[in-house]
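Have a look at the structure below before the remarks.
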Amino acid sequence: MKGNEIKIISNLEFFKGLMEEEILEIFKESKCKILKFKKGEHVVFRGDNIDGIYINIRGILVAEMLKEDGNVKKIEELPEGKILASAFIFGKVNKFPVDLIAKSEAEIFYIQKKELIKLLKKNSKILVRFLDEISNKAQFLSKNLWESLSNKTINQKLAEYILKNEKENYFEFDKSIKELAEYFNVSRPSLSRVIKSFIEEGVIIKLEKNRYEIVSKKKLEKYNF
């Protein structure tokens with residue numbers, strides 16, 4: 001493994017606290033490699049086998065799922081440092097649950113599963129981080145499932161989202177309306193209508209682009225009740 005690659009890997013959260021010399025020693029005999037992808041290229045397809053750990057070390061990946069109606073649902077974006085499908089590396093089903101596409105040029109650090117097991121046995125810090133990663137992913141999936149299956153109205157979902165993201169009565173949408181509609185599991189026109197109604201009812205005021213001011217937090221809390 002090259003010196004610059006060791007440096008990049010040593011800066012990852014997963015290997016934080018380890019010296020470059022330690023990382024070099026760890027991977028001296030390990031079967032690992034760097035996989036490179038061009039912008040727009042499929043990194044993996046849903047159903048592909050997972051035979052090790054994959055960590056995004058450069059670029060942004062987009063997780064997508066093809067729905068039955070033929071439309072593509074964007075699940076999330078995976079920035080640098082993220083482990084791909086960590087909850088599926090072990091267990092009975094070792095397959096990628098979604099398609100992953102490179103939003104930009106990307107590089108993936110790959111270690112074979114048996115080498116990963118050796119690494120986890122050798123270093124307790126990395127073992128704890130891996131267990132934390134799996135737990136965090138399970139909690140994220142559980143939260144998304146709950147929000148998807150809950151009987152909350154679009155008004156309630158939007159009010160909850162605004163209250164979670166507001167700072168001193170101001171907030172910004174960190175997603176596009178299309179992405180936010182997918183996140184809420186609702187149609188884009190329906191979400192746009194609710195945002196418009198919030199403005200017309202004097203709940204929020206649009207200042208510029210995606211930035212808004214909250215006029216009545218009481219009304220938002222009432223929606224969120």
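Just so you know, residue 1 is the first one in the sequence shown, and it goes up from there.
In this structure, Phe14 and Ile53 have side chains that are in contact, with non-hydrogen atoms separated by less than 4.5 Å. Counting only heavy atoms from C-beta outward, the side chains of Phe96 and Val43 never approach each other to under 4.5 Å. Contact annotation: the side chain of Ile214 approaches that of Ile162 to within less than 4.5 Å [non-hydrogen atoms, C-beta and beyond]. Contact check for Phe15 versus Ile55: side-chain heavy atoms found under the 4.5 Å cut-off.
Of the possible polar contacts, none joining the Asp48 side chain to the Val44 backbone as a donor-acceptor pair under 3.5 Å is found. A donor-acceptor contact shorter than 3.5 Å links the side chain of Lys157 to the backbone of Phe184. Proximity of a side-chain donor or acceptor of Glu182 to a complementary backbone N or O of Glu179 within less than 3.5 Å is not detected. With hydrogens and angles ignored, the 3.5 Å screen pairs no side-chain donor or acceptor of Asn49 with any backbone N or O of Asp51. For Arg58 (side chain) and Glu107 (main-chain N/O), no donor-acceptor pair under 3.5 Å exists by modelled atom type. A donor-acceptor distance shorter than 3.5 angstrom exists from the side chain of Asp99 to the backbone of Arg46, with no hydrogens or angles considered.
Taking the centre and axis of the six-membered ring of Phe171, the NZ or CZ atom of Arg211 falls outside the cone set by 45° and 6.0 Å. The cationic group of Lys95 does not satisfy the cation-pi geometry with Phe45, failing either the under 6.0 Å distance to the six-membered ring centre or the 45° limit from the ring axis.
Side-chain atoms of Tyr212 and Asn165 include no donor-acceptor pair closer than 3.5 Å.
Transitive grouping of hydrophobic side chains (ILVMFWY, heavy atoms separated by less than 4.5 Å) keeps Ile101 and Ile50 in distinct clusters. Linking Ile, Leu, Val, Met, Phe, Trp and Tyr whenever their side-chain heavy atoms come within less than 4.5 Å puts Ile199 and Val203 in one cluster.
Atom NZ of Lys178 has 12 or fewer heavy atoms from other residues, nucleotides or ligands within 6.0 Å.
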Requested in this report: Run the numbers on Lys38 and Glu41 for salt bridge (charged side-chain N to carboxylate O under 4.0 Å, His left out), then give the verdict.
Outcome: CA-CA 5 Å; Lys38 297 178 181 178; Glu41 188 176 357; over 6 Å; no
Report task. Apply salt bridge (charged side-chain N to carboxylate O under 4.0 Å, His left out) to the pair Lys219 and Glu201, showing each step before the final yes or no. Result -> CA-CA 9 Å; Lys219 288 184 179 179; Glu201 292 169 17; 5.9 Å; no
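Residues Lys217 and Glu166 are paired through a salt bridge, judged by an N-O separation under 4.0 Å between the basic side chain and the carboxylate.
Outside the 6.0 Å centre-distance limit, the rings of Tyr54 and Phe88 are not counted as a close aromatic pair.
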